[in-house]
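Notes for the one structure printed next.
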Number of protein chains: 2
Amino acid sequence: MVSASVKDVAALAGVSVGTVSNVLNRPQKVSAEVTLRVQSAIDKLGFVRNDAARQLRAGMSHSIGLVVLDAANPFFSDLARGAEDRAAAENFTVLVGNSNEDEGRESAYLDLFEQQRVRGVLLSPVGNVIPRLEQLRRRGIPTVLVDRQTENKSFSSVAVDDLAGGEMAAAHLLSLGRRRIAFVGGPASIRQVADRLAGARKAIDAVAGATLEVIATESLTVLSGRAAGESIRSRPEAERPDAIFAANDLLAVGALQGLMLMGGVKVPQEIALIGYDDIEFAAAAVVPLSSIRQPSALIGSTALELLLREAESEDGFAPSQVVFPPELIVRASTQG
Amino acid sequence: MVSASVKDVAALAGVSVGTVSNVLNRPQKVSAEVTLRVQSAIDKLGFVRNDAARQLRAGMSHSIGLVVLDAANPFFSDLARGAEDRAAAENFTVLVGNSNEDEGRESAYLDLFEQQRVRGVLLSPVGNVIPRLEQLRRRGIPTVLVDRQTENKSFSSVAVDDLAGGEMAAAHLLSLGRRRIAFVGGPASIRQVADRLAGARKAIDAVAGATLEVIATESLTVLSGRAAGESIRSRPEAERPDAIFAANDLLAVGALQGLMLMGGVKVPQEIALIGYDDIEFAAAAVVPLSSIRQPSALIGSTALELLLREAESEDGFAPSQVVFPPELIVRASTQG
DNA sequence: AACACGCAATGAATCGTTTCATAACGAGTT
DNA sequence: AACTCGTTATGAAACGATTCATTGCGTGTT
């Protein structure tokens, strides 16, 4: 006997299977004496409910699926934590899949979630997923997009206004009197990067005499940032920017190192530096980093909330697009 | 109609449900003509297998559960990736739970995994879980411990020899001629911390005139390390150690910052510094960090392999304890 | 004494897939 | 023509929990 079933419990307790189920799910409907007998039978047999059977009968699971672009990115792990905590409060479980920015893996996870009959899906999409989402919706699985605003207003989404964030970062640098601003980031195909750059451009265009230089990187990593920083440091002093806006904090940390190597450029005196995301490490960097904070956990919990509401409602649910404002965090890298 | 079932597919294709199942699971047993008809019915109806029903019938799921101490720690996310990749190759899915070093959450995840009838569990344990694991085993769910050697040889485990790692780190510092060595780490209740310290002590005791000072920290974080570094910097020069071994890289990074603040102590000239884990950031720190590398992904994949082998075997499986050797990675923080 | 009512407990039906013993059929053999 | 294979296809049974219409029983009412 691999494991006991309700039938075994019922037999041992001398009751029907229906009663065992009632003890488990509607204890108030069962007399105290019988409850006790059933409980002790459960203990004696080490009975554990079979989730697959429950789910089959229920028709839907108590899980929701989450597909993130990069599980190693602190932004997404915070987002996931936010979603998980909110889900736990409603007795739901979150299954996390890591697409690694690969459309194939994204699709595989969506397939898996469909087979599991998850209650809904949170998705930070790689490519154009709208057709796939419409298919999911037709099959009764609602989706909420995270960290991405959609043109398509028929889906709910929760995101941060990256355009405003970029504008905010650039405006801050401009307010320090800096005028030769460099944007470090890439690849440009990543929506968030493009939006942050567009926001920065907007702020810079509004100030006479301010210029924007774009330094493209291959990825959003510390090493890419370091390369960018070193290339700036190696320029003649007159050709260096006086401020850098990095598309995320990993790049900013790398840039900082590239600049400071061998007693090079002083941050913030010679070049002010600001990042994006406000990851935990930003505050602890050698020169604590200014950054644009995103409420990552809040994005996760809000998206989950929206999703559950949509899942519970009958069709005809009105999708909503939630956009959180980013927040400027000023630290040493843009002070002095 | 929420979603189509095999029955619907069978009806549309004009065959029996058994045949549909055969098309799905043993295509070679079905004639080409029928296969085609069934496939097109599947496509037309948008049929998606119900995993709960499959699993109920099969008696066991195609998932394995993994409980980690801290999902945000790069060491564990690498370990998880290793396990996931290996699992995917065998058509298994890994469900990741984060215990956050909390016994209650650990237990909740184990309950959940039991209800899901997972094929096995990988566990980086918080407290004394042996009784719980014996219970799981009785119910047919094998367990492999990760990142923890057990006294109890009846369970398989995959770990790195932290004692050897600690010894290796200290021996490296001693080989540089350093004699006043400080160990930065804590809380001591964490097994890994205690083992690394014990290893260091062993190496230091073997060298005449070498001393070991233990600087306890509250946690294994950058901020704790920074505090430790600052307190060392504020000492009179004669009372400072000439080398620091930090219990993990986050502490080492923090210590580095604490030491270097305000043009303080030079690393490695005045104080050599080595960390543990070799997280990605170590190589990219302002002074690239020497560290003790653990094969995190390999630990994950090996543990998964052991687990599957144990799950497939009938009872009478001989548990094995795999211990990987740590590896010394020398970078600038201990050179010069 | 007859009746109605409410509370407990019952157990058959159900969810969707897989499996397996059986049937149907055609081709080859004697 | 009777037979044995071999190949396909069939459909009922099984997995385990839940649900719900039904039964049984004790209490209170008239």
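Letters go in sequence order (proteins before strands), and every chain restarts at 1.
Taking the nucleotide of DNA chain D with the nearest heavy atom to each of R117(B) and Q28(B), the more 5' of the two is matched to Q28(B).
Q55(B) contributes a side-chain N or O that, together with a main-chain N or O of Q116(B), makes up a donor-acceptor pair within less than 3.5 Å. Of the possible donor and acceptor atoms, none in the side chain of R86(B) sits under 3.5 Å from a partner among the backbone N and O of T302(B).
Under 4.0 angstrom from either OP1 or OP2 of dT18(C) there lies at least one side-chain N or O belonging to R54(B). Taking only side-chain nitrogens and oxygens, S16(A) comes nearer than 4.0 Å to OP1 or OP2 of dT10(C). Between N50(B) and dT17(C) there is no side-chain polar atom (N or O) within less than 4.0 angstrom of OP1 or OP2. Look at S5(A) and you won't find any side-chain N or O under 4.0 angstrom from OP1 or OP2 of dG16(D). Remark: R26(A) is in phosphate contact with dT19(D), judged by side-chain N or O atoms under 4.0 Å from OP1 or OP2.
Looking at R57(A), its side chain comes within 3.5 Å of the base of dT14(C) through a donor and an acceptor atom.
Taken from NZ in K44(B) to CD in Q39(B), the straight-line distance is 12.5 Å, to the nearest 0.5 Å.
You'll find that the side chain of V30(A) is closest to dA9(C), out of dA17(D), dT17(C), dA9(C). Taking every side-chain heavy atom of V6(B) into account, dT17(C) is the closest of dT17(C), dT10(C), dC15(C).
Note on N25(A): only backbone sugar-phosphate atoms sit closer than 4.0 angstrom, heavy atoms only; bases stay farther off. At a threshold of 4.0 angstrom between heavy atoms, the contacts of T19(A) include nucleobase atoms, whether or not backbone atoms are also involved. Residue-level contact check: G18(B) touches the bases, meaning some heavy atom is under 4.0 Å from a base atom. Residue-level contact check: V20(B) touches neither bases nor backbone, having no heavy atom under 4.0 Å from any strand.
Atoms CE (M60(B)) and C1' (dG16(D)) sit 14 Å apart, rounded to a whole Å. Following rounding to the nearest Å, D51(A) (CG) and dC15(D) (P) show an atom-to-atom distance of 19 Å. In this structure, K7(A) atom NZ and dA12(C) atom P are separated by 11 Å, rounded to whole Å. As rounded to whole Å, 8 Å separates atom C1' of dG16(C) from atom CZ of F47(B). Straight-line distance from the NZ atom of K29(B) to the C1' atom of dG11(D): 18 Å, rounded to whole Å. Rounding to whole angstrom units, NE2 of residue H62(A) and P of dT18(D) are separated by 12 Å. Distance CZ (R139(A)) to C1' (dG16(C)): 16 Å, rounded to an integer number of Å. As rounded to whole Å, 15 Å separates atom C1' of dG16(C) from atom CG of L45(B).
For the side chain to side chain contact (heavy atoms under 4.5 Å, CB included) test with S3(B), the passing option among R117(A), R139(A), R138(A) is R117(A); the others fail.
Comment: R49(B) does not engage D111(A) in a salt bridge, judged by the lack of any side-chain N to carboxylate O separation of less than 4.0 angstrom.
Using a 4.5 Å heavy-atom cutoff, the side chains of L123(B) and V129(B) are in contact.
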